[in-house]
There are 2 protein chains.
Amino acid sequence: MQKSNKVSEAVIRRLPKYYRYLKDMEKNGVQRISSRELSDKMGLTASQIRQDFNCFGGFGQQGYGYNVSELCNEIRKILGLHKNYNVIIAGAGNLGQALASYVGFERECFTIKAMFDVNPKLIGLSIRGIQILDIDTMRDFIINNDIHVGVVCVPKNKAQEVTDAMVECGIKSIWNFAPIDVGTPDNVAVENVHLSDSLYTLAYKMNEI
Amino acid sequence: MQKSNKVSEAVIRRLPKYYRYLKDMEKNGVQRISSRELSDKMGLTASQIRQDFNCFGGFGQQGYGYNVSELCNEIRKILGLHKNYNVIIAGAGNLGQALASYVGFERECFTIKAMFDVNPKLIGLSIRGIQILDIDTMRDFIINNDIHVGVVCVPKNKAQEVTDAMVECGIKSIWNFAPIDVGTPDNVAVENVHLSDSLYTLAYKMNEI
DNA sequence: ATGTAATCGTTAAAAAAATAACAATGCATA
DNA sequence: TATGCATTGTTATTTTTTTAACGATTACAT
C-alpha cells in the first residue's frame with residue numbers, strides 16, 4: 001500500500017519527531033493512540049498526523065486508532081533505523097568527543113568505529129572505547145571498514161576538504177557540524193547542522209516576544 | 001519602511017543562513033552582491049531572496065544590488081545580534097563543555113557566564129575560563145547576574161525541571177539540547193535542538209538515494 | 001548627456017502544505 | 001447479533017510558501 005509518490009521534505013522532517021514520541025510512549029507501556037491524542041501531545045493537528053502517516057500506507061484502524069509499537073516499528077523502518085550503520089568522526093575536538101560519548105546513538109543503529117584528528121596529542125587516545133587515529137589514515141580506514149556515515153567536526157576551512165575525501169572513499173552520507181554548508185554529489189546524502197543558526201533564531205524570537 | 005505584518009517562520013529560519021553567507025563575503029572583501037549571485041551561492045531562488053529581504057524593508061538598489069556590509073548589518077539587527085546576551089549552561093557534561101568551548105558564540109554577542117552541574121567532580125573546574133558551579137546555586141546566580149539565555153544540557157529526565165527553574169528566575173529564552181521538547185510560557189522563547197532528528201533524517205535520505 | 005543593461009521592489013500566478021470535512025469501517029457494548 | 005460511537009483514510013478547501021513576471025529605477029559605458 002506504500003505510496004510511490006515522492007514524500008515531501010516537510011513530512012520527512014517530522015518523522016523523527018513522531019519516532020521520538022512513539023518510542024517514549026512504547027517505553028511507558030502505552031499500547032494504542034488516536035491521531036487526536038497524539039496531536040495533543042505533539043502540538044500538531046490530528047489531520048496532519050493522519051495525512052503524514054498515509055504517505056506511507058495505512059497504519060491505523062478505523063474506530064480504534066494506531067497500535068503504538070506497530071506504528072513505531074513502521075516509522076523506524078521508513079527512517080531506515082532497522083539497519084546498522086558504521087560511522088566515523090573527523091575531528092576529535094570538544095564537539096567530536098561529545099558526539100562520540102553520546103550513548104543515545106549507539107543504542108540506536110549507529111556504531112562509531114573510529115575518530116580522526118591531526119592533533120598528535122589526541123591521536124592514540126580513546127573516548128568511550130573509540131580510538132582517535134591520525135587523519136592521514138582516514139581514507140584507508142573508510143575503504144577497509146565499510147563506513148556508511150562520516151561526521152565532520154573539523155574547523156570550517158577544512159570541512160569541504162574532509163568531506164571530499166570521505167566521498168571519494170565511498171561514504172554514502174555526511175553529517176556536518178562545521179559552520180559552512182558542505183556540498184556532496186547527488187548520490188551522497190548530507191545534513192548540514194548549524195547550531196548557531198538555531199541560537200540566532202532564538203535571539204530573534206526572544207526580541208520579538 | 002519596516003513592514004509590521006508578522007514575518008513567517010519560514011523566513012525567520014532563513015535569516016541566520018543569509019547572515020552566515022553575508023558575514024563570510026564581508027570578511028572576504030566582497031562589497032556588493034545581487035539577488036541573482038546570492039541565489040547561486042546559497043541554492044535559493046533570486047525571487048525568494050528579494051521577497052525575504054522585503055519583509056523588513058528595501059535594503060537594495062535597483063540596477064546595483066545590495067551592499068554586503070549594510071545588508072549584513074541589517075540582518076544582524078533583525079536577528080537581535082547587535083545586543084549582548086548573558087548565558088548560562090546547565091549540565092557540564094560533554095555537550096555542555098563542547099558548547100562552552102565553542103569560541104564562535106563569544107565572538108558574536110553571547111557571553112557564557114557560568115556552567116552548572118550536580119557532579120561533585122566537575123563542580124569547581126573551569127572550561128576556557130568558565131566556572132562550573134553547583135546546580136543548587138543556579139537560581140540565585142540567574143537572579144543576580146541578569147542572565148538572558150539558559151542552555152539545557154542535562155539528561156532528558158531533568159530537562160523540564162531545569163527549564164522550569166530557569167523560567168521562574170526570569171530567563172527569557174531556553175536553548176534545549178535534551179532529547180525532549182521542553183515547554184515554556186508564551187513569553188519565554190525556546191529552541192529545542194534535536195541532534196538525533198537530524199541524524200535520522202540523514203538515514204532516511206541515505207536510503208532513499 | 002544619452003541610451004542600454006542590470007537589478008530591485010512589488011504584484012500576480014503557481015505550487016506546496018496545512019486544515020477541514022466526511023464517508024467508510026471496525027470496535028465495543030448491550 | 002445488532003447498534004451506536006470512535007476514528008481512520010481520503011478528498012476538498014484554505015492557507016502559506018515559492019516562483020515568475022514586469023514596471024521602475026539606477027549604474028555605467030559611450
Side-chain angles (χ1 to χ4, degrees), chain A residues 1-18 21-22 25 30-75 78 201 204, chain B residues 1-18 21-22 25 30-75 78 201 204:
Chain A
M1 209 180 290
Q2 193 108 346
K3 303 273 177 77
S4 57
N5 300 341
K6 183 106 171 45
V7 178
S8 80
E9 179 84 8
V11 175
I12 295 165
R13 291 270 161 210
R14 278 191 295 270
L15 289 178
K17 187 170 177 178
Y18 289 127
Y21 277 81
L22 289 166
M25 277 183 265
V30 181
Q31 295 195 356
R32 72 186 244 193
I33 190 143
S34 68
S35 57
R36 171 62 191 281
E37 283 175 283
L38 194 54
S39 74
D40 286 344
K41 271 188 201 279
M42 296 186 60
L44 305 172
T45 65
S47 197
Q48 182 169 60
I49 290 174
R50 291 202 299 276
Q51 282 235 356
D52 282 355
F53 292 169
N54 262 85
C55 292
F56 304 98
F59 303 145
Q61 219 159 15
Q62 282 133 325
Y64 175 87
Y66 299 89
N67 178 299
V68 171
S69 61
E70 191 188 311
L71 182 56
C72 188
N73 261 321
E74 289 293 344
I75 294 181
I78 293 166
T201 305
Y204 178 91
Chain B
M1 209 180 293
Q2 193 108 345
K3 302 272 177 77
S4 57
N5 299 344
K6 182 105 171 47
V7 178
S8 81
E9 179 85 6
V11 175
I12 295 165
R13 291 269 160 210
R14 278 191 295 270
L15 289 178
K17 187 170 178 178
Y18 289 128
Y21 277 82
L22 289 166
M25 277 182 264
V30 181
Q31 295 195 356
R32 71 185 246 192
I33 190 142
S34 68
S35 57
R36 171 62 192 281
E37 282 175 283
L38 194 54
S39 74
D40 286 344
K41 270 187 200 280
M42 296 185 60
L44 305 171
T45 66
S47 196
Q48 183 169 59
I49 289 174
R50 293 202 298 278
Q51 284 235 359
D52 282 356
F53 292 168
N54 261 84
C55 292
F56 304 98
F59 303 144
Q61 217 160 17
Q62 282 134 326
Y64 176 86
Y66 299 88
N67 177 298
V68 171
S69 61
E70 191 189 311
L71 182 56
C72 189
N73 261 319
E74 289 292 345
I75 295 180
I78 293 166
T201 305
Y204 178 91

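Reminder, nothing fancy here: chain letters follow the sequence lines and each chain counts from 1. Just so you know, these numbers use all the heavy atoms, side chains as well, and skip hydrogens, waters and symmetry mates.
- Within 4.0 Å of A:S34, counting heavy atoms only, lie sugar-phosphate atoms of the nucleic acid but no base atom.
- For the pair A:D52 CG and C:dT19 P, the computed distance is 10 Å after rounding to whole Å.
- A:R32 comes within 4.0 angstrom of the backbone, heavy atoms only, and of no base.
- Nearest nucleotide to the A:Q61 side chain, out of C:dT25, C:dT19, C:dG26: C:dG26.
- For C:dA24, the OP1/OP2 oxygens have no side-chain nitrogen or oxygen of A:Y64 closer than 4.0 Å.
- The distance between atom CG of A:N67 and atom P of D:dT8, rounded to the nearest whole Å, is 13 Å.
- Residue B:R50 contributes atom CZ, which lies 10 Å from atom P of C:dT7 at whole-angstrom precision.
- A 4.5 Å side-chain heavy-atom check between B:Q51 and B:V11 finds every atom pair outside the cut-off.
- Applying the 4.0 Å criterion to OP1 and OP2 of C:dA18, one finds that A:T45 has every side-chain N and O outside that range.
- Residue B:R14 is classed as a sugar-phosphate contact, given heavy-atom separations below 4.0 Å to backbone atoms only.
- At a threshold of 4.0 Å, the pair A:R13-A:E9 counts as salt-bridged, since one of the basic side-chain nitrogens sits closer than that to a carboxylate oxygen.
- Taking the six-membered ring where the residue is Trp, B:F53 and B:Y66 present perpendicular rings, their angle passing 60° and hence far from 30°.
- The side chain of B:S47 lies closest to D:dA21 when the candidates are D:dA21, C:dC22, D:dT17.
- No contact: A:F53 has no heavy atom under 4.0 Å from any strand.
- Between the side chain of A:E70 and the backbone N or O of A:N67 there is no donor-acceptor pair closer than 3.5 Å.
- Rounded to whole Å, the distance from CD1 on A:I49 to P on C:dA17 is 18 Å.
- In this entry the distance linking CZ of A:F56 with C1' of D:dT8 reads 18 Å, nearest Å.
- Between the CG atom of B:L38 and the C1' atom of C:dT7 there is a distance of 13 Å, given to the nearest Å.
- Looking at every heavy atom in both residues, B:A46 comes nearest to B:S39 through N-CB, 3.4 Å.
- Residue A:S8 places no side-chain N or O under 4.0 Å from the OP1 or OP2 atom of C:dA16.
- In this structure, B:I12 atom CD1 and D:dT17 atom P are separated by 10 Å, rounded to whole Å.
- Between B:Q51 and B:Q62, the residue anchored closer to the 5' end of DNA chain C is B:Q62, taking for each the nucleotide with the nearest heavy atom.
- Separating the CZ atom of B:R13 from the C1' atom of D:dT17 is a distance of 16 Å, rounded to the nearest angstrom.
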